[in-house]
**Student:** 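One structure follows; several queries about it will come next.
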Amino acid sequence: MDIQLKRGLLDVCVLAAIKNHDSYGYQIVKDMKPYVDISESTLYPILRRLEAAELLTVRNAEHNGRLRKYYRITPQGLERIHAFRKEWDEILSVYQFITREEQNHDQI
């Protein structure tokens with residue numbers, strides 16, 4: 001898969017994982033696991049990039065005597081998910097165009 005496309009997909013997947021509730025790294029990986037195979041070593045650079053882009057915020061909270069970083073989606077992050085959904089409709093349309101010729105050929 002194209003690296004830029006994959007990067008964009010992973011960014012939106014991470015945003016979607018925290019869309020409904022604040023979460024932390026390990027939990028995000030677990031929540032995404034049924035859909036996307038991502039490691040913590042891949043996740044943390046994504047989280048830093050999303051924070052720098054102001055698509056999420058970070059807060060530290062104590063959990064079992066240790067500090068844990070919790071991530072929260074921002075309004076800009078929610079807008080990114082919305083924009084992605086519109087972009088995905090366009091991608092699906094292009095995919096249908098590409099496979100249309102294959103489908104027509106298979107029918108001959």
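Atom set for the values below is all heavy atoms of this structure, side chains included, hydrogens, waters and symmetry mates excluded.
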**Student:** To the closest 0.5 Å, what do you measure between CG (Leu10) and CZ (Arg49)?
**Tutor:**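 So the CG of Leu10 and the CZ of Arg49 are separated by 8.0 Å.
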**Student:** What pair of heavy atoms forms the shortest contact from Ala17 to Ile28, and how long is it?
**Tutor:**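 Result for this residue pair: CB-CG2, 4.0 Å.
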**Student:** May I ask you to decide if the ring planes of Tyr44 and Tyr71 are parallel, tilted or perpendicular, using 30° and 60° as cut-offs?
**Tutor:**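 Rings of Tyr44 and Tyr71: tilted, as their planes differ by 30° to 60°.
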**Student:** Roughly how far, to the nearest 0.5 Å, is the CD atom of Glu51 from the OG1 atom of Thr74?
**Tutor:**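 If I round to the nearest 0.5 Å, the distance is 10.5 Å.
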**Student:** Determine the minimum heavy-atom distance between Val36 and Cys13, stating which atoms define it.
**Tutor:** CG2-SG, 3.9 Å
**Student:** With clusters defined by side-chain heavy atoms of hydrophobic residues (ILVMFWY) lying less than 4.5 Å apart, directly or transitively, does Ile46 cluster with Leu78?
**Tutor:** yes
**Student:** Between Gly77 and Ile73, which heavy-atom pair has the shortest distance, and what is it?
**Tutor:**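 In terms of heavy atoms, the two residues are closest at C-CD1, 3.6 Å.
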**Student:** Report the C-alpha separation of Val14 and Leu50 in whole Å, then their side-chain angles, then the decisive distance to 0.1 Å, and conclude whether the side-chain contact (heavy atoms from CB on, under 4.5 Å) test is met.
**Tutor:** CA-CA 9 Å; Val14 170; Leu50 294 174; 3.8 Å; yes
**Student:** If you round to the nearest 0.5 Å, how far is CZ of Arg48 from CG of Leu43?
**Tutor:** 9.5 Å
**Student:** Check for me, please, whether Tyr70 and Leu67 land in the same ILVMFWY cluster - side-chain distances under 4.5 Å, paths through other members count.
**Tutor:** no
**Student:** So Arg72 and Val58, side-chain contact (heavy atoms from CB on, under 4.5 Å) or not? Walk me through it.
**Tutor:** CA-CA 6 Å; Arg72 171 178 287 180; Val58 182; over 6 Å; no
**Student:** Between Glu40 and Leu47, is any pair of side-chain heavy atoms under 4.5 Å apart?
**Tutor:**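 Of all side-chain heavy-atom pairs linking Leu47 with Glu40, none is under 4.5 Å.
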**Student:** Can you list the steps and then say if Ile81 with Lys19 is a side-chain contact (heavy atoms from CB on, under 4.5 Å)?
**Tutor:** CA-CA 9 Å; Ile81 291 173; Lys19 181 175 69 170; 4.0 Å; yes
**Student:** Is it possible for you to say whether Ile91 and Leu9 belong to one hydrophobic cluster, with membership spreading through side-chain heavy-atom contacts below 4.5 Å?
**Tutor:**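 Same cluster: Ile91 reaches Leu9 through Ile, Leu, Val, Met, Phe, Trp or Tyr contacts under 4.5 Å.
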**Student:** Going only through I, L, V, M, F, W and Y residues with side-chain contacts under 4.5 Å, is there a path from Tyr95 to Phe84?
**Tutor:** no
**Student:** Do other residues, nucleotides or ligands put more than 12 heavy atoms under 6.0 Å from the CZ atom of Arg68?
**Tutor:**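 Enclosed: over 12 neighbouring heavy atoms sit under 6.0 Å from CZ of Arg68.
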**Student:** Give the intermediate values and the outcome of side-chain contact (heavy atoms from CB on, under 4.5 Å) for residues Tyr24 and Gln27.
**Tutor:** CA-CA 6 Å; Tyr24 55 96; Gln27 186 63 50; 3.6 Å; yes
**Student:** Do Asp89 and Arg85 sit within salt-bridge range, that is, some charged N less than 4.0 Å from a carboxylate O?
**Tutor:**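 Not counted as a salt bridge, because no side-chain N and carboxylate O are separated by less than 4.0 Å.
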**Student:** Thinking salt bridges, do Glu87 and Arg80 make one under a 4.0 Å N-O criterion?
**Tutor:** yes
**Student:** Report the C-alpha separation of Asp37 and Lys33 in whole Å, then their side-chain angles, then the decisive distance to 0.1 Å, and conclude whether the salt bridge (Lys or Arg N to Asp or Glu O under 4.0 Å) test is met.
**Tutor:** CA-CA 5 Å; Asp37 188 24; Lys33 193 77 160 167; 3.2 Å; yes
**Student:** Supply the atom-to-atom distance Ser93 OG to Arg100 CZ, rounded to the nearest 0.5 angstrom.
**Tutor:** 10.5 Å
**Student:** Under a 3.5 Å distance rule, please check whether Ser23 uses its side chain to pair with a backbone N or O of Ile18 as donor and acceptor.
**Tutor:** no
